[in-house]
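Data first, discussion second: the structure below is written as structure tokens.
Both backbone and side-chain heavy atoms feed into the values below; hydrogens, waters and symmetry mates do not. For clarity, every value in this text was computed on a predicted model and none was experimentally measured. Whatever order the structure lists them in is the order used to number ligands and atoms, beginning at 1.
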Amino acid sequence: MEKTLFIVKPDGVRRGLVGQVLQRIEQRGFQLERLEYRSAVSSELIDQHYEQLLDKAFYPAIRAFMTSGPLVVGVISGPKVIECWRTMMGATLPEEALPGTIRADFAHAASPGGTIENIVHGSDSAASAAREIKLWFGE
Ligand SMILES: Nc1ncnc2c1ncn2[C@@H]1O[C@H](COP(=O)(O)OP(=O)(O)OP(=O)(O)O)[C@@H](O)[C@H]1O
Ligand SMILES: [Mg+2]
């Protein structure tokens, strides 16, 4: 069965949205394969996770945001889960996300701190999913 990696980012944990994100995953019928609360994530792990963005001018703000507090990371499985989870998350910019998506329903349209605080992450392809699951869970 197809698998993807998801993260409830530090803004989602701070704002008490872990339960609502998990509820949407379960409601959609996806299976939780792994689920971990990580109280301290290293900059090195975030650098590897977002390796495609390392050379962007805004990358330091992403690293600071992603290491700013606890996060919840997990693996879910189901038919077409990679694409479906991306649809459920909504567009990267909360102000562009469609109503009904997590980012539209919960993320604040104007994020503080120079990066986009958008509650959740999801792998963007089968190759990314495999790479990210290995990176976070070592399997
Ligand atoms: N132009 C930008 N300015 C500031 N932050 C950005 C910008 N583009 C992306 N980001 C931040 O980096 C994250 C990763 O960017 P990416 O292009 O992979 O978007 P995404 O795939 O929608 O998000 P994610 O990978 O977190 O699921 C975004 O979710 C956002 O927090
Ligand atoms: Mg991405």
task = Apply the test salt bridge (charged side-chain N to carboxylate O under 4.0 Å, His left out) to residues D124 and R86: give CA-CA distance (whole Å), side-chain angles for both, the deciding distance (0.1 Å), then the verdict.
result = CA-CA 7 Å; D124 61 12; R86 296 281 298 180; 5.2 Å; no
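No side-chain heavy atom of H121 sits under 4.5 Å from any side-chain heavy atom of V73. Counting only heavy atoms from C-beta outward, the side chains of L22 and L35 approach each other to under 4.5 Å. Taking the side chain as every heavy atom from C-beta outward, E2 and P79 never approach each other to under 4.5 Å.
Atoms of ligand 1 lying under 4.0 Å from any heavy atom of T92, numbered from 1 in the order shown and given with element: 19 (O), 20 (P), 22 (O), 28 (C), 29 (O). For ligand 1 and N118, the ligand atoms under 4.0 Å from any heavy atom of the residue are 28 (C), 29 (O), 30 (C), 31 (O). Counting atoms of ligand 1 from 1 in the listed order, those under 4.0 Å from a heavy atom of G122 are 27 (O). Each of the following atoms of ligand 1 lies closer than 4.0 Å to a heavy atom of K9: 26 (O), 29 (O), 31 (O).
With sequence neighbours excluded, the residues forming a side-chain hydrogen bond (donor to acceptor under 3.5 Å, both in side chains) with R24 are D105, listed by chain and number. Residues meeting the salt bridge (charged side-chain N to carboxylate O under 4.0 Å, His left out) test with E36, sequence neighbours left out: R34, R38.
The closest approach between a heavy atom of K56 and any atom of ligand 1 is not below 4.0 Å. For the ligand labelled ligand 1, residue L53 lies inside the 4.0 Å heavy-atom shell.
Distances from atom 23 (O) of ligand 1 to the heavy atoms of Q52, M89, R103, E117 put R103 nearest.
Under a hydrophobic clustering in which Ile, Leu, Val, Met, Phe, Trp and Tyr are joined whenever their side-chain heavy atoms come within less than 4.5 Å, directly or via other members, V120 and L98 fall into different clusters.
Of all the heavy atoms in A91 and A97, the pair that sits closest is N-CB, 3.7 Å.
At a heavy-atom cutoff of 4.0 Å, ligand 1 is contacted by the side chain of I62 but not by its backbone. Contact annotation for H49 and ligand 1: no heavy atom of the residue comes within less than 4.0 Å of the ligand. Only the side chain of Y50 comes within 4.0 Å of ligand 1, judged by heavy-atom distances. When heavy-atom distances to ligand 1 are checked against a 4.0 Å cut-off, I116 comes that close through both its backbone and its side chain. At a heavy-atom cutoff of 4.0 Å, ligand 1 is contacted by no atom of I7, backbone or side chain.
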